[in-house]
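Side chains included, hydrogens not; waters and symmetry mates left out as well; all remaining heavy atoms used. Proteins come first, then strands; the chains are lettered A, B, ... in the order of their sequence lines, and each starts at number 1.
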Protein chains: 4
Amino acid sequence: MAASGLREKLHTIIFGTDTPAGKGFDLVLIYTILLSVATVMLDSVAAIHRTYGNWLYALEWAFTLLFTVEYFVRIYISPRPLRYIFSFYGLVDLLSIVPTYLSIFLTGASYLLIIRLLRVLRIFRVLKLVRYSEEANMVIRTIFQARRKIFVFLWGVIVISVVFGSLMFLVEGPERGFTSIPKSIYWVVVTITTVGYGDITPQTVFGQLISTVAMLTGYSIIAIPTGIVSAEFINESHRMREEARRTNRCVECGRPGHEPDARYCFSCGNPLAEPAPSTSGS
Amino acid sequence: MAASGLREKLHTIIFGTDTPAGKGFDLVLIYTILLSVATVMLDSVAAIHRTYGNWLYALEWAFTLLFTVEYFVRIYISPRPLRYIFSFYGLVDLLSIVPTYLSIFLTGASYLLIIRLLRVLRIFRVLKLVRYSEEANMVIRTIFQARRKIFVFLWGVIVISVVFGSLMFLVEGPERGFTSIPKSIYWVVVTITTVGYGDITPQTVFGQLISTVAMLTGYSIIAIPTGIVSAEFINESHRMREEARRTNRCVECGRPGHEPDARYCFSCGNPLAEPAPSTSGS
Amino acid sequence: MAASGLREKLHTIIFGTDTPAGKGFDLVLIYTILLSVATVMLDSVAAIHRTYGNWLYALEWAFTLLFTVEYFVRIYISPRPLRYIFSFYGLVDLLSIVPTYLSIFLTGASYLLIIRLLRVLRIFRVLKLVRYSEEANMVIRTIFQARRKIFVFLWGVIVISVVFGSLMFLVEGPERGFTSIPKSIYWVVVTITTVGYGDITPQTVFGQLISTVAMLTGYSIIAIPTGIVSAEFINESHRMREEARRTNRCVECGRPGHEPDARYCFSCGNPLAEPAPSTSGS
Amino acid sequence: MAASGLREKLHTIIFGTDTPAGKGFDLVLIYTILLSVATVMLDSVAAIHRTYGNWLYALEWAFTLLFTVEYFVRIYISPRPLRYIFSFYGLVDLLSIVPTYLSIFLTGASYLLIIRLLRVLRIFRVLKLVRYSEEANMVIRTIFQARRKIFVFLWGVIVISVVFGSLMFLVEGPERGFTSIPKSIYWVVVTITTVGYGDITPQTVFGQLISTVAMLTGYSIIAIPTGIVSAEFINESHRMREEARRTNRCVECGRPGHEPDARYCFSCGNPLAEPAPSTSGS
């Protein structure tokens, strides 16, 4: 009974975000994650590693132990532990502690690089932060609704890249940096996304002509995903205003119960959605 | 009679996409095309060509024979063969098999590069894939409706490029990489599309001033095609919602026959188009 | 009387675009302008100038004489010649013939470059083409309506460039390519417009940090002009649809006189603007 | 009484913008600020500093004294001086005069760079100009409303940068320019913002593959802030038109009191907002 009470309490704190304790826990967790990511980053700078390597190593172990405790507590308090373990965040939580433990057993000289790879994987810990934003859900939902149109767009970009890449491979040839079709495709992507490193550049007149067409293509087609996403955001914003109008809620803070003729939210002061013209006209 | 029955059956499988057999055929075709394109690509990498050149050559012939059979079957089962042959996809189908056959007759040492050109042309086979997307049609239709405004924009970009290109040719001159007006125009396109390879850069103070103006111009006018296409996508989305509202269909899955007061599609769960406010108000 | 008749006839052909003769004249003029621009461009390529210099020189004189005749005919047939001469296109017409004549008198060895400058000015001839598009007016009008907001945006970009430029001048200093504040501002514009030549790059850790902020700023604020212009295009398209609805015209081809319940234009087949919902509901 | 009268008069001139004297003062101030910024900029060019250094030094002192007088007058005439001093513009006004005075006391040879830093800080004076635009407020307000969504977007960009940066650090390694994770993150930002300096470029096949994905990601997600800001601008423009319709004002010039059936503003000639369809239908 007491254990079940503790579990419920811990559940409210760790998984919930409504109580002050739950909010505090989330904030502490966010800052801890950011600090642990910063540790890995700083350790990758050669000069810092030479001077503070030991301190950073100790810090990394401290963070790992902390996150391990957190991981097991999360499993303990879950009503359905297996579901948590195999959920997206469960796997991310596991992946963000395992590498440090693995680095004990894999200590051969030739394995050093692999250990570094494992340690860097801990940076995925940062992905956990995504779950902390309500606003993010709206943005993600909007992008999600445009997914099929964006897929069509990306497919078009790939086809264009393959066609231009093959053309440039033939026109410029291996002796001018376009050593193979995959490398030429890499160059086309560098070009049509307007990144333009300049590590490979067209040198023949005909190659520069094709590049010009590729650049103008890239410069124009950026309008397509932008148009798709803009239309989706406007639709979403329409939908939310319609919803707010029907339920008499404030679009900004979600507060319900406004007077029908109210023009500003009495809670946050933002303008309310206009009543539909036909409703006011009838 | 039997032949005509076979033709009809084959027509349903090869040209149709509604039956399971038709869908299966399309999927197999897509993967075969992608594999054949990958073969050409891998063969262009010098290291892979040296080791696996023979295998890839054999694979290429296998794909060519397969596509040849498919091409003739398509002609055979078409109700109007000539129309198919001279259609866009008919020509693409032909172009994607011819180069391999031509490579037999053009085998002289000096012709090697041309053979490679012919073989690479087979990559256009990838264009066939465009026909497999319903969603693509909507995107293409929207772009098509904005074609005239985009043409005006591209014309403006060309005029700006010619004017800036001539100016830079005079200001920087041949000794700083701007060897001719066409090359200066190439530089302007590299600049206003914000690609910026850096193979040619302005070195005089006045040249850098003109570049700054060119960059800010390019950075600002990208807003024009984006604005045009966004407006068109929003119009299209409006039109589709209006259509769905009038016909009581779901915008997402196209399912008809919803109750007038239904708010979510009973087939896919997405929200339905709101009834027009005035209709509900009267 | 006869002269006045000829003037009127010529006026219809040269200034008008409605009659077949007027349309034909415009098309011939466009192609002549494009050819004359191509002549100047080709002449700037050193290899072509060496071989075909004389021919191109002759061609340039032929074009100049042709445009001179056209210019005087335009003055002759104008009802108010002075107004034409001092109009924008009148000045462009003059500027596009004067350089070739000036190149006769300025033949000193040290003046050669100036002559080339004068000859290149003829490329402004291409600006004449802008007048030939109806669709361009709509695009230009839309941009014009957003001019004040775009000016605010450009002012913001300039302030940001000056602030970041001064910071980078102090952080990186003259010995790393940031030789003066104006040059640092040039670098900032190269960076925030996402052109990124790479001729000057930050080398200190602090400089790279500031660059990162500058890049993210440039990457984000591109959304502002795009948003402004998109909103303006959507407003414009709304206005045109409203206008078409009120006058029963087709939005695409402008054909009036459709039946009130018609859904597609009987002239071009495009969908008509929907009647306003409230009108159909009452 | 007289002093209070002078204070009020000065207040109208210096803080106000409605009277001719107030407008004149603002214009003179703007040009003075621009001139003083130009002085600092020119002084940073080594060649100009050598020749005109003394003149520019004198000019800088003249501007500083002028702005000092202005600063104290502003404090004197403010009804609540402390509020002005600690306001944003009060601090900017102070920061733009302090560095020149500090440069007297810090004159040691080793402090030269710091003096330059202090002098360059005066460029922040340019920020004062922001207050002179009414139109800017509308743009800023719109951006402000989208702040939370843009924050989510920037957070996503940071997460993506950290993940891609760690990956590239492991794949390419220190010997190919990716010397640490922070430097790799710098490279990722250069790439996904499509700046692409080319000072560090991927050289392994796998690194180029990851780069391609990073570029396409950056190229696609630019659509997100653009979509957000476009939607916000369209909402804002809707709101302003609704407001104009309700108050019978012209959207362009703000002139009220138009006849209900008027279609164009009698003051500036721009089209008025259409009356809501349902109002005209009932």
(Q) I'd like to check D:H49 versus D:V45 (side-chain heavy atoms, cut-off strictly below 4.5 Å). Are they in contact? (A)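 With C-beta onward as the side chain, the pair stays apart.
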Q. Looking at side-chain heavy atoms only, is the closest gap between D:V40 and D:S36 below 4.5 Å?
A.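 No, too far: nothing below the 4.5 Å cut-off.
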(Q) Heavy atom to heavy atom, less than 4.5 Å: which residues from residues 191-225 of chain D reach chain B? (A)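 At a heavy-atom separation under 4.5 Å, chain B is reached by D:T194, D:V195, D:G196.
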**Q.** Passing option when D:W187 is tested against D:F169, D:F178, D:F164 for ring pair (Phe, Tyr, Trp, His ring centres under 6.0 Å)
**A.**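 When ring pair (Phe, Tyr, Trp, His ring centres under 6.0 Å) is applied between D:W187 and each of D:F169, D:F178, D:F164, only D:F178 qualifies.
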(Q) So which atom in B:I234 and which in D:I234 form the shortest heavy-atom distance, rounded to 0.1 Å? (A)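 In this case the closest contact between B:I234 and D:I234 is CD1-CD1, 4.4 Å.
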Q | Six-ring centre of D:F144, D:R147 cation under 6.0 angstrom, axis tolerance 45° | A |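 Because its charged atom sits under 6.0 Å from the ring centre and within 45° of the axis, D:R147 does stack over D:F144.
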Q.
Keeping D:T179 on the side-chain end and D:E175 on the backbone end, is there a donor-acceptor pair under 3.5 Å?
A.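 The answer is no, because no donor-acceptor pair under 3.5 Å joins these two groups.
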